[in-house]
Novice: 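Below are the structure tokens for one structure; questions will follow.
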Number of protein chains: 2
Amino acid sequence: MATLGELERSVMDVLWDSTDALTAGDIRDDLAHGNAAGVGKELAVTTVLTVLSRLEAKNFVTRERDSRPHLFSASTSRAAHMAELMHEVLGAAPDREAVLARFVGQVSPREADALRRILAGK
Amino acid sequence: MATLGELERSVMDVLWDSTDALTAGDIRDDLAHGNAAGVGKELAVTTVLTVLSRLEAKNFVTRERDSRPHLFSASTSRAAHMAELMHEVLGAAPDREAVLARFVGQVSPREADALRRILAGK
DNA sequence: AATTCCTTTCTACACTATGTAGAAGTTGAT
DNA sequence: ATCAACTTCTACATAGTGTAGAAAGGAATT
């Protein structure tokens, strides 16, 4: 999968944190004033649109062209994306089980429990 | 953690696949003829040395300066590195458990068993 | 129909990381 | 002191990303 730059990532965060589709302007404002990671970025709308186009090309974002200010939304949930990234890392290892062992070894007890629960219902 | 380019990654693979420390020349040869991922790369030794320096700066590689052709080895095991990468991804998510759920959901039955085993002995 | 305003697309440039390697410098051996 | 091997320095090309103005498109309004 393609990797994301910092601004691209911030934009995705805004989209992931929003239930509904957003315009470039909405995103611009969120990046400027929103509580999220993009704290304090004063960007031109064209900048946001450029980034959105790139994200669209990378299939991270879906664009509704029929709405007049185009509406953008994440094509995948954050959780799905993150999980895929993790699988990508894992897939690059010849010794997958060793990696899993290390990975689980460093997980907090709370999360170890979560994992057990998840694995039980499967 | 810093991210690795393709050649950097190939060099790390050579080091990870080797039990003992290697010289730049060794690595160069492995990349050229070795079975690993670097298939068929005909590189100048200086190129390999540059990459090794960069990897050293990123703390991926340890250099023994007292040996005359310097000896290089991976500072971390591949499994540890991969596990750390996975934790890094996970750490960037606000909804960690959701990510874990997705992740485990896409794991093969064989690996699910491995996970259960690992979690049991913990 | 022409104008205007909003929106999108095109074009452009700077900066960084990475791949790549020759030139220059260093050092141990003869 | 010289030579050969090795390392470090310097340099350039390419690609990805951040950034945004200029140009173009389209819809409402006069």
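Naming convention: chains lettered A, B, ... in sequence-line order (proteins, then strands); numbering from 1 in each chain. Keep in mind the model is a prediction, meaning the values are calculated, not measured.
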Novice: For the helix from C:dA1-D:dT30 to C:dT30-D:dA1, what angle lies between the axis at the first five pairs and the axis at the last five pairs, to 10 degrees?
Specialist: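 Computed from the C1' atoms at both ends, the axes differ by 10°.
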Novice: Among C:dT9, C:dA21, D:dG18, find the nucleotide with the atom closest to the side chain of B:L43.
Specialist: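 Closest of the options to the side chain of B:L43: C:dA21.
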Novice: Calculate the interatomic distance between A:D66 atom CG and D:dG26 atom C1'; express it in whole Å.
Specialist: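 Whole-Å distance recorded here is 15 Å.
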Novice: Rounded to whole angstroms, how far apart are NE2 on A:H70 and C1' on D:dG25?
Specialist: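 For the pair A:H70 NE2 and D:dG25 C1', the rounded distance is 10 Å.
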Novice: Which pair of non-hydrogen atoms, one from B:L31 and one from B:S10, has the smallest distance, and what is that distance?
Specialist: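 Minimum heavy-atom contact is CD2-CB, 3.8 Å.
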Novice: Checking all strands, does B:R9 fall into the base, sugar-phosphate, or nothing category for heavy-atom contacts under 4.0 angstrom?
Specialist: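 Nothing, no nucleic acid heavy atom in range.
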Novice: Nearest nucleotide by nearest heavy atom, which residue falls closer to the 5' end of DNA chain D, A:E42 or B:V45?
Specialist: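 Result of the comparison: B:V45.
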Novice: Look at A:D113 together with A:R116 and state whether they make a salt bridge at an N to O cut-off of under 4.0 Å.
Specialist: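 Salt bridge present between A:D113 and A:R116.
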Novice: For B:L7, report the nucleic acid contact type (base, sugar-phosphate, nothing); a contact means any heavy atom under 4.0 Å.
Specialist: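 Sugar-phosphate contact only - B:L7 comes under 4.0 Å of backbone atoms but never of a base.
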Novice: Specify the closest pair of heavy atoms between A:A24 and A:V45, including all atoms of both residues, with the distance to one decimal.
Specialist: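 Heavy atoms only, the tightest pair is CB-CG1, 4.0 Å.
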Novice: Can you tabulate the close N/O pairs, meaning under 3.5 Å, that link protein atoms to atoms of nucleotides 23-28 of chain C?
Specialist:
from: C:dT27; atom 1: O4'; to: B:R68; atom 2: NH2; distance (Å): 3.3

Novice: Return each pair, listed once, that meets ring pair (Phe, Tyr, Trp, His ring centres under 6.0 Å) where at least one residue sits in residues 53-80 of chain A; pairs must be two or more places apart or across chains.
Specialist: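 Found A:F60-A:H81.
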Novice: Check A:E84 with B:R102, please: is the shortest side-chain N to carboxylate O separation under 4.0 Å?
Specialist: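 Salt bridge: no.
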Novice: For the pair made of CG in A:D26 and P in C:dT7, what is the distance, rounded to whole Å?
Specialist: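 It is 10 Å, rounded to the nearest whole Å.
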Novice: Expressed in angstrom and rounded to an integer, what is the separation of B:L4 atom CG from D:dA15 atom C1'?
Specialist: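 Distance check: B:L4 CG to D:dA15 C1' gives 17 Å.
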Novice: Shortest non-hydrogen contact from A:L55 to A:V11?
Specialist: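 Distance-wise, the nearest heavy atoms are CD1-CG1, 3.8 Å.
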Novice: Do any side-chain nitrogens or oxygens of B:T47 fall under 4.0 Å of OP1 or OP2 in C:dG19?
Specialist: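 B:T47 to C:dG19 OP1/OP2: no side-chain N or O under 4.0 Å.
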Novice: Rounded to the nearest Å, what distance is computed from the CG atom of residue A:L49 to the C1' atom of nucleotide D:dG21?
Specialist: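 After rounding, the reported distance stands at 13 Å.
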Novice: If you look at every heavy atom in A:M82 and B:A92, which pair is closest and at what distance?
Specialist: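 Taking A:M82 first and B:A92 second, the nearest heavy atoms are CE-O, 3.6 Å.
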Novice: Assess whether a salt bridge exists between A:E56 and A:R65, defined as any Lys/Arg side-chain N lying under 4.0 Å from an Asp/Glu carboxylate O.
Specialist: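 Looking at A:E56 and A:R65, the cut-off is met.
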Novice: Without decimals, in angstroms, what is the distance between A:L52 CG and D:dA20 P?
Specialist: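 The answer, rounded to whole Å, is 14 Å.
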Novice: Is it the case that D:dA20 (base atoms only) and A:T50 (side chain only) share a donor and an acceptor within less than 3.5 Å, ignoring hydrogens and angles?
Specialist: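 For A:T50, whose side chain was compared with the base of D:dA20, there is a donor-acceptor pair (under 3.5 Å).
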Novice: With heavy atoms under 4.0 Å as the rule, sort A:T23 into base, sugar-phosphate or nothing.
Specialist: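 Nothing, no nucleic acid heavy atom in range.
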Novice: If you only use heavy atoms from C-beta on, which nucleotide in D:dA20, C:dA21, C:dG19 is closest to the side chain of A:A44?
Specialist: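 Nearest nucleotide to the side chain: D:dA20.
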Novice: Which nucleotide sits closest to the side chain of A:R63: D:dC6, C:dT20, C:dT8?
Specialist: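 Of the candidates, C:dT8 comes closest.
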Novice: Grab the NZ-P distance between B:K41 and C:dT20 for me, whole Å please.
Specialist: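 My rounded result for the distance is 4 Å.
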Novice: Can you confirm whether A:E6 is buried at CD, in the sense that more than 12 heavy atoms of other residues, nucleotides or ligands lie under 6.0 Å from that atom?
Specialist: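 Atom CD in A:E6 is not packed in, count stays at 12 or less.
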Novice: Calculate the interatomic distance between A:R28 atom CZ and D:dG18 atom P; express it in whole Å.
Specialist: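 Taking CZ of A:R28 and P of D:dG18, I get 18 Å after rounding.
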Novice: Report yes if at least one side-chain N or O of B:K58 is closer than 4.0 Å to OP1 or OP2 of C:dT18; otherwise report no.
Specialist: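 For B:K58, the contact criterion (side-chain N or O under 4.0 Å from OP1 or OP2 of C:dT18) is met.
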Novice: Are the charged groups of A:R96 and B:E111 less than 4.0 angstrom apart, N to O?
Specialist: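 A salt bridge is present here (some side-chain N lies under 4.0 Å from a carboxylate O).
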